[in-house]
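Remember, predicted model here, so these are calculated numbers, not experimental data. Residue numbers begin at 1 in each chain, while the letters A, B, ... track the order of the sequences.
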There are 2 protein chains.
Amino acid sequence: MEEKIFKKFLKDRGQRLTRERAAILRKTSSSQGHFDPESLYLEMKKKSLKISRASVYRTLHILCECGLIEKVKKTEHGTIYEKTYGQGHHDHMLCLSCGEVIEFYSEDLERLQKDLCKKYGFQWTNHTLEIQGYCKKCLKKTG
Amino acid sequence: MEEKIFKKFLKDRGQRLTRERAAILRKTSSSQGHFDPESLYLEMKKKSLKISRASVYRTLHILCECGLIEKVKKTEHGTIYEKTYGQGHHDHMLCLSCGEVIEFYSEDLERLQKDLCKKYGFQWTNHTLEIQGYCKKCLKKTG
DNA sequence: AATGATTTTGAGAATCAATCTCAATTATTA
DNA sequence: TAATAATTGAGATTGATTCTCAAAATCATT
Ligand SMILES: [Mn+2]
Ligand SMILES: [Mn+2]
Ligand SMILES: [Zn+2]
Ligand SMILES: [Zn+2]
């Protein structure tokens with residue numbers, strides 16, 4: 001389970017699983033979907049888990065290195081993250097109207113990309129794909 | 001040609017094609033590949049085209065709205081742009097070692113994405129795909 | 001060409017996410 | 001327990017970007 005992984009990861013680097021780090025880990029592990037550091041900070045504050053912004057940012061970094069979460073992208077309002085533990089790889093559709101994020105996965109799409117890389121002599125490690133457009137719900141409203 | 005398009009676009013909004021805007025347009029039009037506002041600002045400064053940062057940022061915005069350039073993505077060092085006039089749509093491979101950007105296009109990839117959108121009742125408008133990995137050159141070096 | 005209205009510019013201030021500083025605190029080791 | 005090492009938080013700092021606003025440039029009209 002996540003805490004075990006995180007603890008081991010930290011230990012191997014001579015770092016400690018503090019109360020603050022554990023709290024942030026729990027928060028991100030139980031998170032549904034995408035999140036950003038500031039919101040996470042504010043939510044923890046509300047819940048009387050007063051952890052400084054510095055620690056939030058620092059811990060999110062470590063969690064990335066550890067592979068438990070990942071940066072999704074940078075926006076004008078800051079960086080978006082998502083947890084990766086227990087989540088398969090996927091890509092995103094983003095509704096330009098309501099902001100909804102649809103997660104999807106396509107084996108064909110993955111294979112096609114790897115084929116393309118081969119063609120260019122490029123050694124694939126990972127990728128990010130975001131499709132922008134309008135979701136079903138918004139299409140109904142606007143007609 | 002670009003200047004004509006830009007001029008018309010501005011005129012239609014009651015805006016003017018000033019010396020500053022024209023200079024930035026020329027610079028971006030003649031640009032090869034990707035660029036960022038700060039570098040563009042510094043280069044123009046070197047060439048005795050002293051244009052303020054404010055104007056650079058403002059003009060890049062307008063050029064985006066006009067469709068002559070596009071934001072590629074946001075990085076920790078700022079926003080990356082590229083010109084779009086005369087360039088077909090394409091996606092990117094980014095070398096994690098040397099930073100090289102390979103531009104590529106795949107009809108199959110495009111079709112596949114549109115099919116996926118259909119499946120989700122999502123109305124496609126555009127997308128961005130970045131494949132991260134290692135380029136041919138770097139692979140040779142590192143073995 | 002002069003007048004008056006409109007738009008644009010640039011210098012520097014403001015904003016905002018993210019990082020850094022460093023003294024005080026906490027955990028680990030001897 | 002004392003010495004050592006890691007961590008925290010408050011606030012300062014950085015860096016990209018935006019904003020402010022007075023001065024300059026451009027346009028339309030007489
Ligand atoms: Mn996701
Ligand atoms: Mn490109
Ligand atoms: Zn929507
Ligand atoms: Zn390379």
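Following rounding to the nearest Å, A:I62 (CD1) and D:dT8 (C1') show an atom-to-atom distance of 12 Å. Distance, B:H77 NE2 to D:dG15 C1': 11 Å, rounded to whole Å. The separation between B:R13 atom CZ and C:dT8 atom P is 9 Å, rounded to whole Å. Rounded to an integer number of Å, the gap from CG of A:L42 to P of C:dA17 is 10 Å. Following rounding to the nearest Å, A:D36 (CG) and C:dA17 (C1') show an atom-to-atom distance of 10 Å. Rounded to an integer number of Å, the gap from A:K73 NZ to C:dA18 C1' is 19 Å. Atom-to-atom, NZ of B:K74 to C1' of D:dA16 comes out at 8 Å; the value is rounded to the nearest Å. Whole-Å rounding puts the A:K50 NZ to D:dA10 P distance at 10 Å.
The base of D:dG11 does not come close enough to the side chain of A:R53 for any donor and acceptor atom to sit less than 3.5 Å apart.
A donor-acceptor pair under 3.5 Å is absent between the side-chain atoms of B:R53 and the main chain of B:E38, judged by distance alone. Remark: side-chain polar atoms of A:H92 are not paired, donor with acceptor, to backbone N or O of A:H90 under 3.5 angstrom.
Heavy-atom minimum distance, B:K83 versus B:S29: NZ-O, 2.8 Å. Between A:G99 and A:L94, the shortest heavy-atom contact is O-CD1, 3.6 Å.
For the pair B:K11 and B:Y57, both in contact range of DNA chain D, the more 5′-proximal nearest nucleotide belongs to B:Y57.
Here A:H61 reaches the OP1 or OP2 of C:dT19: one of its side-chain N or O atoms lies under 4.0 Å away. Remark: B:T18 is in phosphate contact with C:dT9, judged by side-chain N or O atoms under 4.0 Å from OP1 or OP2. Distances shown here put every side-chain N or O of B:S52 at or beyond 4.0 Å from the OP1 or OP2 atom of C:dA11.
Considering only the side chain of A:R16, D:dA5 comes nearest among C:dT7, D:dA5, D:dT8. Considering only side-chain atoms of B:A54, the nucleotide from D:dC19, D:dA10, C:dA17 that sits closest is D:dC19. Nearest nucleotide to the B:R58 side chain, out of C:dA18, D:dT20, D:dG11: D:dT20.
Within the 4.0 angstrom heavy-atom criterion, no nucleotide atom of any strand lies near B:E38. Within the 4.0 angstrom heavy-atom criterion, only backbone atoms of the sugar-phosphate kind lie near A:R21; the bases stay farther away.
Between B:D115 and B:K119 there is no salt bridge, since none of the side-chain N atoms of the basic residue sits less than 4.0 Å from a carboxylate O of the acidic one.
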